[in-house]
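Remember, predicted model here, so these are calculated numbers, not experimental data. In listed order, ligands and their atoms are each counted from 1. Scope of the values below: all heavy atoms of this structure, side chains included, with no hydrogens, waters or symmetry mates.
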Amino acid sequence: MRSWNKAWGAVASVFMLATPILGGQRPSSSPRPFNLIQWNHGKFVYGADYYPEAWPESQWGKDAEMMQAAGINFVRMGEFSWVKMEPEEGHFDFSWLDRALKILSAHGIHAVLGTPTASPPAWLYAEYPDIAAMNAEGIRYRFGSRRNYCLHNPHFLAATRQIVTALAEHYKDNPAVIGFQIDNELGNPYCYDNYCLTAFQNWCRDKYKTLDALNRAWGTVFWGHTYTAWPQIPLPWNTLYGVHNPSLELDYDRFFSDSTKNYLELQARILRRIAPTKAITTNEMGMFDAIDYSRLNTSLDFVAWDNYPMFDQNQSDYFGPALAHDLMRGSKHNQNFMVMEEEAGLPGWTTFWGHQAPPGLYRVWAYQAVAHGADGVCFFRWRTSTYGTEQYWQGILDQDSYPNSRYHVIARMGKEIQRLTPILEGSHVVSQVALLVSPDSRWAFHIQPLTRGFNYNRQLHRYYDAFRRRAVNVDVTFPQDNFSAYKVLVAPSLFVVNSELVRKLTQFVNHGGLLILSYRSGVKDSHNVFTTRTLPGRLAPLAGISIHDYDPETTQPQKIVMSDGASYPADVWFDILTLLTARVLVTYGENFYAGQPAVTINHYGRGAVIYVGTESPSNRFYDGLVKLAARRAGLTFGPKLPTGIEMATRQKPGEKIIFLLNYTGKPQSVELGTATRNALTGQTEPVNVAIPPYDLRVLTQR
Ligand code: GLA
């Protein structure tokens with residue numbers, strides 16, 4: 001049996017156009033305005049999340065010395081210390097924070113202060129118990145834990161305004177404070193109280209204007225759910241069987257995301273008005289999907305996020321954090337970002353979680369962020385807590401403050417990163433491939449899960465990982481973005497589409513782009529209503545196929561067969577494709593639809609559309625597919641990478657910066673085929689670059 005790649009090669013040569021799909025080079029992804037390095041006074045932002053309030057003041061000076069010795073020039077502080085800042089309603093005390101800032105600043109360390117709204121004080125709950133959110137069972141949370149507030153509670157909003165105003169007033173002229181982080185990991189919990197109910201009804205009224213329009217859009221004719229007055233509109237909870245109208249649910253998801261954005265903007269407006277010279281960000285959560293970050297981030301100066309690679313290790317190894325970095329970068333038009341919390345030790349809340357990473361890996365993970373466009377890395381946390389829920393969540397130091405192996409690893413990077421700063425400054429990730437992430441589709445799949453075997457993020461990874469295995473940079477793009485910078489756009493399971501998105505995709509292909517779609521695309525309109533067009537709905541003309549039958553069965557074996565007979569397993573969803581203008585690339589091998597098309601290609605305008613009607617657990621299937629895509633679109637692959645090695649690049653005019661990251665415990669090498677300069681040693685590297693275990697190389701090429 002011939003290899004998969006060879007089989008794809010045969011397919012590619014049959015369908016290769018006489019002229020390449022793309023007439024000439026496309027512009028690369030757009031310029032990025034905020035420069036984190038300039039903002040941090042010319043230094044790469046290298047920091048630790050620091051909680052001085054939990055330690056004796058006598059220790060602060062020693063902490064600052066140890067930080068400085070490790071190359072740390074930045075801290076984030078204060079995001080949970082509302083009660084320290086406002087011990088009683090309207091009485092503010094920032095003196096402790098002033099003293100900490102003074103010590104830190106004497107050691108060349110700048111700060112971002114968290115607005116402390118993630119942890120409202122006990123006195124606020126005592127006075128207004130209903131600031132807490134209400135869960136889906138109708139029970140209000142009580143004081144304790146954190147971030148359990150209702151986003152629409154007027155008392156909470158008033159208290160927020162007060163503390164944020166006081167913080168901004170107090171620090172607006174303090175040079176030690178260079179910015180603010182709004183709240184902490186915005187995004188939970190959903191709240192089902194009357195404040196939220198009324199807010200949702202108002203949101204619906206703003207959107208639909210008339211009840212007729214809403215009833216039509218949601219298809220409330222089904223089960224006789226027609227509303228005759230706005231106050232009848234419910235929140236999606238507590239129904240028999242736990243089912244709701246999927247259209248209402250999708251709007252609720254948008255409402256919740258918008259509510260979070262409104263809350264962030266309430267704070268951002270105060271901060272900008274009072275302290276206009278300070279930058280504003282918030283710490284986000286990568287693949288977390290209750291929030292549409294691409295809309296949230298319009299109000300921020302730069303994106304920051306919290307990276308805990310340990311959680312991804314079993315999922316898709318180093319490609320997990322890689323995609324999350326790219327998504328975070330893409331959520332603000334590829335502007336460089338920072339990691340506000342970078343894993344610095346073993347995670348654990350009330351109990352230990354997971355395995356201890358080899359200390360060197362923390363440095364490799366931090367460089368991975370840099371390779372994907374971070375101009376700042378701040379480790380969580382400076383020292384492990386002696387108190388509370390996170391006593392087992394290791395910081396750089398443990399409770400005893402001993403300069404342990406993790407401290408030395410981080411100190412090593414601290415020295416290196418300052419040496420690398422002039423090289424990194426002004427460089428960006430440039431990609432010719434983009435992955436289209438659709439927040440509406442993700443929500444719609446949560447509302448009506450496809451099959452047990454389906455996972456939207458895994459669909460993303462199938463394609464993303466295949467490009468990354470060949471060292472091709474990938475941007476993440478969102479439906480409202482401009483796709484014209486890319487040669488290849490991959491839009492896996494693009495479930496929810498509207499006419500505007502289809503227009504843009506058509507334009508992209510018409511102008512020579514290669515679009516890759518996969519199963520369950522074009523099924524729903526923007527109200528989460530099933531299309532009356534033949535599937536894949538509005539995308540059918542582009543894909544040149546129609547779908548009259550599909551098989552969601554996940555338990556019966558299926559395989560897909562190449563033109564030369566080579567076959568690979570397929571395991572999630574089987575669209576049985578009928579050719580209109582498309583040509584078949586791959587067919588099914590089993591069941592009543594054996595021999596029917598599973599993967600097709602359609603030439604459209606100056607470009608083409610590949611439709612993949614199924615999902616395979618075989619990486620080799622996707623390796624072949626991206627090879628075909630690369631040949632058609634004129635993409636250059638990087639070198640062959642051994643498993644456990646990632647290669648990513650940043651570039652600026654006249655210079656390419658190559659990161660080779662070794663996530664394994666064995667020495668590895670990569671045949672770059674060209675000599676490069678080691679950015680840390682200044683030496684010329686041989687064409688075959690050696691990378692020691694849990695180590696990396698940063699190389700430059702002019
Ligand atoms: C999140 C939070 C931090 C801390 C860490 C570790 O990222 O932002 O406050 O709780 O997790 O648990």
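In terms of protein heavy-atom proximity, atom 3 (C) of ligand 1 is closest to Glu341 OE1, 3.3 Å.
Side-chain contact annotation: Ser431 with Asp475, donor-acceptor N/O pair under 3.5 Å present.
Judged by the shortest distance from any of its heavy atoms, Arg381 lies outside the 4.0 Å radius around the atoms of ligand 1.
Aromatic ring pairs are classed by plane angle as parallel below 30°, tilted from 30° to 60° and perpendicular above 60°; the pair Trp203 and Phe200 is parallel. Below 30°, between 30° and 60°, or above 60°: for Tyr464 and Phe319 the angle between ring planes is above 60°, a perpendicular geometry.
Of all atoms in ligand 1, listed by their number and element, those nearer than 4.0 Å to a heavy atom of Trp349 are 12 (O). Atoms of ligand 1 found under 4.0 Å from any heavy atom of Asn184 (numbered from 1 in listed order, with element): 2 (C), 8 (O), 9 (O). Heavy-atom contacts of Glu185 reach the following atoms of ligand 1: 1 (C), 2 (C), 7 (O), 8 (O) (cutoff under 4.0 Å). Within ligand 1, counting atoms from 1 as listed, the ones closer than 4.0 Å to a heavy atom of Phe80 are 9 (O).
Within the set Met340, Arg76, Arg147, Glu390, the minimum heavy-atom distance to atom 4 (C) of ligand 1 is found for Glu390.
Here the closest heavy-atom approach between residue Trp123 and residue Glu86 is recorded as NE1-O, 3.0 Å.
Stacking of Arg254 on the aromatic ring of Trp443 is not recorded, the 6.0 Å distance cut-off and the 45° axial limit not both being met.
Of the heavy atoms in Glu79, none comes closer than 4.0 Å to ligand 1.
Salt bridge Asp398/Arg406: present, at least one basic N to carboxylate O contact under 4.0 Å.
Applying the ring pair (Phe, Tyr, Trp, His ring centres under 6.0 Å) test to residues at least two apart or on different chains, none of the pairs has a partner in residues 65-87.
For the pair Arg146 and ligand 1, the shortest N or O to N or O distance falls below 3.5 Å.
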